[in-house]
Amino acid sequence: MLTDAESRRRRKMVEISQALNSTPVDVAALRRMAISEGGLLNDEIRRQVWPRLLNVSVENIPEQLEPVDRDHNKDFNQVLLDVQRSLRRFPPGMPDEQREGLQEELTDIILRVLVKNPQLHYYQGYHDIVVTFLLVLGERLATALVEKLSTHHLRDFMDPTMDNTKHILNYLMPIIERVNPEVYDFMQQAEVGTIFALSWLITWFGHVLSDFRHVVRLYDFFLACHPLMPIYFAAVIVLHREEEVLDCECDMAMMHHLLSRIPEDLPYETLISRAGDLFVQFPPSELARERNQLTAVSTFKDFELASTQQRPDTVLRQRRKELQHALEAQRGSVAVVQPTARRFMRLAVMGLTVALGAAALAVVNSALEWAPKLDLLFP
């Protein structure tokens, strides 16, 4: 007899398989699966789904990777230092020879992406993201996805200066203020700022979480959502720790020490759901208008995931009808979409608009008329 959890897991695996085997692939469904409880379940599924979430065509990835010239690479020494410090990011008990081989591959992936994209600038912490993709996907596939990620989601972090990264961090406190003014006021009084969350943001929490399962679960979520979702997740971590924050001495150093250390026992699924809710309630466009900050994530571009063959409005309308029919059958009356279902539909739409930049918005606004209430990053 299967438990409820096992039944849900099997049902989800079937739904993911159906989405992958659809013609065209049902990317909206894959995003919903990545967002919903449990994420993508295992690394075998991630190897199939992550490329779809980033719109990377696996068939077009070269069989042979380009060789790397380490001797004449300006970033090699810094990359090497960071990679050598990455021991804790590899599974415990991994044989030294295997780990050292992966570290060589990690170095090559980073240098290969930087050489091919000279506009990108390496930053400390970038390797924490790359190693996650390497461990899940292997060198060949990881190289392609990391390059796409670096020119889209991570693009602002890879500027010559940290100006855009600081702008993104500046979204943190307005979110906290809207949800819990008391925590916001206390943090303002302590003058703690937002630097405690810097490593969370630029490594997608890979540097600060010790359990790899939690890291890849968050990557499922972030890859399926808007590029600013990590800052919403940072906000819900702080809000979840309300009592600790308010009990802390109102001192900058003490507060920074408390907040920079993430507890081991966070309720990740609850926080993921709450981060999605906050994104819908307080979209980045609203926060940007108030702060006159239109530069954050400004270099992201549209992945053009909503193709002619699979418009997201069609997918979502169909799923809404299916949900309403199911509820009507259960209740024998006119159905109302429940808040949880509505949230996931909104998140699915949000995921399909991933990485929309200011220039791209002018082009795609007409295609987004099917979702007029969806707030994007820019007004």
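Note: L40 CG to L30 CG = 8.0 Å, rounded to the nearest 0.5 Å. Here M187 contributes atom CE and N180 contributes atom CG; the two are 10.5 Å apart, rounded to the nearest 0.5 Å. Going from atom OG1 of T132 over to atom CG of L145 covers 12.5 Å, rounded to the nearest 0.5 Å. Expressed to the nearest 0.5 Å, how far CE of M33 lies from CG of L41 amounts to 9.5 Å. Here the CZ-CZ distance, from F222 to R217, works out to 10.0 Å after rounding to the nearest 0.5 Å.
Two residues are said to be in side-chain contact when any heavy atoms from C-beta on lie closer than 4.5 Å; H240 and P263 fail this criterion. Side-chain contact between V192 and D251 is absent, with no heavy atoms from C-beta onward closer than 4.5 Å. With a 4.5 Å cut-off on side-chain heavy atoms, H127 and Y122 count as touching. Between W200 and I231 the shortest side-chain heavy-atom distance does not fall below 4.5 Å. In this structure, the side chains of M229 and H153 stay at 4.5 Å or more apart for every pair of heavy atoms. Counting heavy atoms from C-beta on, the side chains of R155 and D159 come closer than 4.5 Å. Looking at R70 and T107, their side chains come closer than 4.5 Å, going by heavy atoms from C-beta outward. At least one side-chain heavy atom of L102 sits under 4.5 Å from a side-chain heavy atom of E105.
Side-chain contact annotation: R52 with Q48, donor-acceptor N/O pair under 3.5 Å absent. No side-chain donor from either of T161 and K166 sits under 3.5 Å from a side-chain acceptor of the other. With no hydrogens or angles considered, no side-chain donor-acceptor pair links S86 and D82 at under 3.5 Å.
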Pair M255-F186, side-chain contact (heavy atoms from CB on, under 4.5 Å): steps then yes or no: CA-CA 10 Å; M255 183 76 70; F186 195 75; 3.3 Å; yes
Would you check, one step at a time, whether the test side-chain contact (heavy atoms from CB on, under 4.5 Å) holds for L114 with M158? CA-CA 10 Å; L114 294 174; M158 305 189 77; 3.9 Å; yes
Can T151 and Q119 be said to form a side-chain contact (heavy atoms from CB on, under 4.5 Å), step by step? CA-CA 9 Å; T151 54; Q119 77 278 14; 4.2 Å; yes
Please assess K12 against R9 for the test side-chain contact (heavy atoms from CB on, under 4.5 Å), listing each intermediate value before the final yes or no. CA-CA 5 Å; K12 189 171 196 178; R9 182 182 178 88; 5.8 Å; no
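The side chain to side chain donor-acceptor pair (under 3.5 Å) check on E244 picks up R241, with sequence neighbours excluded. Here R112 pairs with E139 under the salt bridge (Lys or Arg N to Asp or Glu O under 4.0 Å) rule; sequence neighbours left out. By the side chain to side chain donor-acceptor pair (under 3.5 Å) test, R10 is found to be paired with no residue, residues two or more places apart in sequence or in another chain being considered. Taking Q84 as the reference, nothing meets the side chain to side chain donor-acceptor pair (under 3.5 Å) condition, with sequence neighbours excluded. Applying the side chain to side chain donor-acceptor pair (under 3.5 Å) criterion to Y126, with sequence neighbours excluded, gives S150.
More than 12 heavy atoms of other residues, nucleotides or ligands shown are found within 6.0 angstrom of CG on D69. At most 12 heavy atoms of other shown residues, nucleotides or ligands fall within 6.0 angstrom of atom NE2 in H257. Sparse packing is recorded around CZ of R213, with 12 or fewer heavy atoms of other residues, nucleotides or ligands lying under 6.0 Å away. By the neighbour-count criterion of 12 heavy atoms within 6.0 Å, atom CD of E6 is densely surrounded, having more than that number from other residues, nucleotides or ligands. Within a 6.0 Å radius of CE in M254, other residues, nucleotides and ligands contribute 12 heavy atoms or fewer.
Ring pair F279/H226 is tilted by interplanar angle, where 30° to 60° counts as tilted.
A ring-ring contact (aromatic ring centres under 6.0 Å, His included) check over residues 28-59, counting only residues at least two apart or in different chains, returns the pairs W50-F133.
Cluster annotation: I129 and L87 are assigned to distinct hydrophobic clusters (Ile/Leu/Val/Met/Phe/Trp/Tyr, side-chain heavy-atom contacts under 4.5 Å, transitive). Side-chain heavy atoms closer than 4.5 Å link hydrophobic residues (I, L, V, M, F, W, Y) into clusters, and following such links, even through other members, never connects L198 to M252. Under the 4.5 Å side-chain contact rule for hydrophobic residues, I61 and I109 share a cluster. V215 and M94 fall within a single hydrophobic cluster, where Ile, Leu, Val, Met, Phe, Trp and Tyr are joined by side-chain heavy atoms under 4.5 Å apart, directly or via other members. A single hydrophobic cluster is not seen to contain both L80 and V115; linkage of ILVMFWY side chains at heavy-atom distances under 4.5 Å, directly or through other members, places them apart.
Scanning both residues, D220 and L53, for their nearest heavy atoms gives O-CD1, 4.3 Å. Among all heavy-atom pairs drawn from L172 and F196, the shortest one is CD2-CZ, 3.8 Å. Heavy atoms only, all atoms of each residue included: L266 and I262 are closest at CD1-CG2, 3.3 Å. Closest non-hydrogen pair, E264 versus H214, comes out as O-CE1, 4.3 Å. The minimum heavy-atom distance linking R140 with V58 is given by the pair NH2-O, 3.9 Å. The two residues R89 and D128 have their closest heavy-atom pair at NH1-O, 2.7 Å.
Here the side chain of R274 pairs no donor or acceptor atom with the backbone of E269 at under 3.5 angstrom. Of the possible donor and acceptor atoms, none in the side chain of Y232 sits under 3.5 Å from a partner among the backbone N and O of I272. Remark: side-chain polar atoms of Q103 are paired, donor with acceptor, to backbone N or O of V83 under 3.5 angstrom. No donor-acceptor distance shorter than 3.5 angstrom exists from the side chain of S273 to the backbone of T270, with no hydrogens or angles considered. The backbone N or O of R46 sits nowhere less than 3.5 Å from a side-chain atom of D43 that would complete a donor-acceptor pair. Looking only at distances, a side-chain donor or acceptor of R88 sits under 3.5 Å from a matching main-chain atom of H207. At least one donor-acceptor pair under 3.5 Å links the side chain of T203 to the backbone N or O of S199. N21 places a side-chain N or O within donor-acceptor distance of the main-chain N or O of S17, the cut-off being under 3.5 Å.
A salt bridge links E286 and R178; the closest N-O separation between the charged side-chain nitrogens and carboxylate oxygens is under 4.0 Å. Looking at E104 and R99, no side-chain N of the basic residue comes within less than 4.0 Å of a carboxylate O on the acidic one, giving no salt bridge.
Taking the ring centroids of F233 and F205, they lie under the 6.0 Å cut-off.
Considering F212, W204, Y268 in turn, W204 is the only one that fulfils the ring-ring contact (aromatic ring centres under 6.0 Å, His included) rule with Y219.
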